[in-house]
Peer 1: 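To start, I am sharing the structure in question, which I have written as structure tokens.
Just the heavy atoms: all of them, side chains too, but no hydrogens, waters or symmetry mates, feed the values below. Remember, predicted model here, so these are calculated numbers, not experimental data. When a residue number appears, it is its place in the shown sequence, counting from 1.
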Amino acid sequence: MPTQVNPATGEEGKSFPELTDDEIEAKIAKAAETYREWRLTDLGTRVDLLNKIADVYDAHRDELAAVITSEMGKPVTQARTEIEKCAKGFRFYAKNGPAMLEPRENELTNGRSVSHWLPQGPVLAVMPWNYPFWQVVRFLAPTIMAGNVGLLKHASSTPECAAKLEEMVVEAGGPEGLFQNLHISSGKVAGIIADDRVVAVTITGSEGAGIKVAEAAGHNLKKVVLELGGSDPFVVMPSADVKKAAETAVWARLQNAGQSCICGKRMIVHEDVYDEFMEIFVDGVKNIVIGDPTDEATKMGPLSSQGARDDIVEQLDKAVKSGANKLYGGDVPDKPGAWMTPAILTDIPKNAPVVREEFFGPVAMVFKVGSLDEAIECANNIPFGLGSSVWTNDEDEKQRFIRDIEAGMTAVNQMLASDPYAPFGGIKRSGHGRELSSHGLHEFMNLKNVMLPD
């Protein structure tokens, strides 16, 4: 039974009973029934609903933000920003979705062909706690626009966020069964993927969770989108605005207490500007405002749970034992909750296991490099390939980074962030497939080619 635990205090809150097998069956049956009607709706109906959902998010912004803060510890200012971004995501597909679904004429040697984007059915989403609304909206908004319907298995630590997500769709006038939250354990996921009525699955989560979902999807020949872990490089070269880069690096590493798959986790800094960068970066990390996540002044709250905090502390200790220098932080205060100070690791041995691991928490790894080639080699020396941020004003260097960094996304002279207008996703062990933009809309649609005579 999912039970809320406030990570700032350790206090328990509401409990949410898990669905029985019969209740799961009823929800899948309802999804299949609703899909048969929703797939036939005109695009204007879908656009109208998306705009109404956005209005509901705006109206409930503070209420929803408070739930995020109490369940996973995100500072309330950042939680409000997340809800505002959700409303923008719904409006993006309302505005741009119809054009993305227009049929496409194809030139043929003989005759002609028209390609149509058509819905396929219920899609299961397995979603994480770190951005408990925005991660879901990235799947939900295009699902509604496409004419599909959605089922959600959310993280067990954010059960009220999961319930509120469904409530917002219902309040906006969405038909029953269009989007349903499933309070279930992870052990029930494979059975739902295997159900013939469920056509596809998308997951944002850990590498291990992604492997399990991909195995179940592959076994049942279902389409799957995987948005998994990352250990994103944040590369700073001598031609960059070093002050801006260092100040941005603090926020890139510590936003959401470092619990973001596209956080800049590994700072790769050219030796010519290393000392200048470190002076600003270390000072910024030391002075980040840590405190009560309900306080408007707080920039970093607790981690999502005491278990998550303990895992990061253990990983940090192993890094130090392997030869890394803990330059600052990593302390655990003697008080309830999932608190720790941010940490900075330097002088990390190249053969240390932590070099190729992801820190899903407020720990920055800093590497000094002597050349562009060494920076690229260091950036790619990981099994992940999600995002990256590169700082240079040299055009040749920009083009090398764009071509040679092994990642699904690269931000130039700025912090990487998701945006509805741009495709989001990675390569290597960060997964495959794309969310957002037209690519996210088309992932779970049938591109049907229709052959026609002249």
Peer 1: May I have the step-by-step check of salt bridge (charged side-chain N to carboxylate O under 4.0 Å, His left out) for Lys318 and Glu314, ending in yes or no?
Peer 2: CA-CA 6 Å; Lys318 288 181 179 179; Glu314 181 181 359; 3.6 Å; yes
Peer 1: So, Trp129 versus Phe360, ring centres under 6.0 angstrom or not?
Peer 2: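 Centroid separation for Trp129 and Phe360: below 6.0 Å.
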Peer 1: Could you give me the CA-CA distance, side-chain angles and deciding distance for Val235 and Ser388, then say whether side chain to side chain contact (heavy atoms under 4.5 Å, CB included) is met?
Peer 2: CA-CA 8 Å; Val235 185; Ser388 54; over 6 Å; no
Peer 1: Can you name the nearest heavy-atom pair linking Pro132 to Lys74, along with the distance?
Peer 2: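 It is CD-NZ, 4.4 Å.
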Peer 1: Supply the atom-to-atom distance Gln135 CD to Ser418 OG, rounded to the nearest 0.5 angstrom.
Peer 2: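 One gets 7.5 Å once the value is rounded to the nearest 0.5 Å.
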Peer 1: Which value, rounded to the nearest 0.5 Å, describes the distance between Ile268 atom CD1 and Phe367 atom CZ?
Peer 2: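 If we round to the nearest 0.5 Å, Ile268:CD1 and Phe367:CZ are 7.0 Å apart.
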Peer 1: With rounding to the nearest 0.5 angstrom, report the CD to SG distance, Glu358 to Cys261.
Peer 2: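 It is 7.5 Å, given to the nearest 0.5 Å.
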Peer 1: Below 4.0 angstrom, N of the basic side chain to O of the carboxylate: do Asp196 and Lys222 qualify?
Peer 2: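 The answer is no: the pair does not qualify as a salt bridge.
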Peer 1: Salt bridge between Arg80 and Glu296, side-chain N to carboxylate O under 4.0 Å?
Peer 2: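 Yes, charged N to carboxylate O under 4.0 Å.
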Peer 1: Give the minimum heavy-atom separation between Pro175 and Leu49, together with the two atoms involved.
Peer 2: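 Looks like CD-CD2, 4.4 Å.
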Peer 1: Classify the ring geometry between Phe16 and His183 as parallel (under 30°), tilted (30 to 60°) or perpendicular (over 60°).
Peer 2: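 Judged by the thresholds at 30° and 60°, the geometry between Phe16 and His183 is tilted.
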Peer 1: Salt bridge or not between Glu443 and Arg434? Use side-chain N to carboxylate O under 4.0 Å.
Peer 2: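 Looking at Arg434 together with Glu443, the answer is no, because their closest N to O distance does not fall below 4.0 Å.
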Peer 1: Salt bridge or not between Lys188 and Glu18? Use side-chain N to carboxylate O under 4.0 Å.
Peer 2: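 No, Lys188 and Glu18 are not salt-bridged.
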Peer 1: Kindly check if the number of other-residue, nucleotide or ligand heavy atoms within 6.0 Å of NE2 (His116) is above 12?
Peer 2: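 Yes - once you tally the heavy atoms of other residues, nucleotides and ligands closer than 6.0 Å, there are more than 12.
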Peer 1: Measure the acute angle between the ring planes of Tyr57 and Phe90, then classify it against the limits of 30° and 60° as parallel, tilted or perpendicular.
Peer 2: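 Tilted: the ring planes of Tyr57 and Phe90 meet at 30° to 60°.
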Peer 1: Check this for me: Glu12, atom CD, are more than 12 non-hydrogen atoms of other residues, nucleotides or ligands nearer than 6.0 Å?
Peer 2: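 Not buried by this count: 12 neighbours or fewer within 6.0 Å.
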Peer 1: Atom CZ of Phe424 and atom OG1 of Thr204: how far apart are they, to the nearest 0.5 Å?
Peer 2: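 That separation rounds to 7.5 Å.
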Peer 1: Check whether the side chains of Thr294 and Asp292 place a donor and an acceptor atom closer than 3.5 Å, and report yes or no.
Peer 2: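 Side chains of Thr294 and Asp292: pair found under 3.5 Å.
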Peer 1: To the nearest 0.5 Å, how far apart are CD in Glu171 and NZ in Lys52?
Peer 2: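 Going from CD on Glu171 over to NZ on Lys52, the span is 12.0 Å.
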Peer 1: Any Lys/Arg nitrogen of Glu82 or Lys85 sitting under 4.0 Å from an Asp/Glu carboxylate oxygen of the other?
Peer 2: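 Not counted as a salt bridge, because no side-chain N and carboxylate O are separated by less than 4.0 Å.
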Peer 1: Would you find more than 12 non-hydrogen atoms of other residues, nucleotides or ligands less than 6.0 Å from Lys88 atom NZ?
Peer 2: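 12 or below, so no.
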Peer 1: Assess whether atom CD of Glu25 is packed by more than 12 heavy atoms of other residues, nucleotides or ligands within 6.0 Å.
Peer 2: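 Counting other residues, nucleotides and ligands, CD of Glu25 exceeds 12 neighbours.
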Peer 1: Would you find more than 12 non-hydrogen atoms of other residues, nucleotides or ligands less than 6.0 Å from Asp42 atom CG?
Peer 2: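 Buried by this count: over 12 neighbours within 6.0 Å.
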Peer 1: Counting heavy atoms not belonging to Glu377, are there more than 12 under 6.0 Å from its CD?
Peer 2: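 Not buried by this count: 12 neighbours or fewer within 6.0 Å.
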Peer 1: Rounded at 0.5 Å granularity, tell me how far CD in Gln315 sits from CG in Leu345.
Peer 2: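 With rounding to 0.5 Å, CD (Gln315) is 9.5 Å from CG (Leu345).
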Peer 1: Identify which one of Arg429, His432, Glu207 satisfies the side-chain contact (heavy atoms from CB on, under 4.5 Å) criterion when paired with Leu226.
Peer 2: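 Answer after filtering Arg429, His432, Glu207: His432.
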Peer 1: Strictly distance-based, threshold 3.5 Å: is any side-chain N or O of Ser389 a donor or acceptor partner for the main-chain N or O of Gln414?
Peer 2: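 Looks like yes, one N/O pair under 3.5 Å.
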Peer 1: Between Lys212 and Glu215, is the closest basic N to carboxylate O distance under 4.0 Å?
Peer 2: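 No, no charged N to carboxylate O under 4.0 Å.
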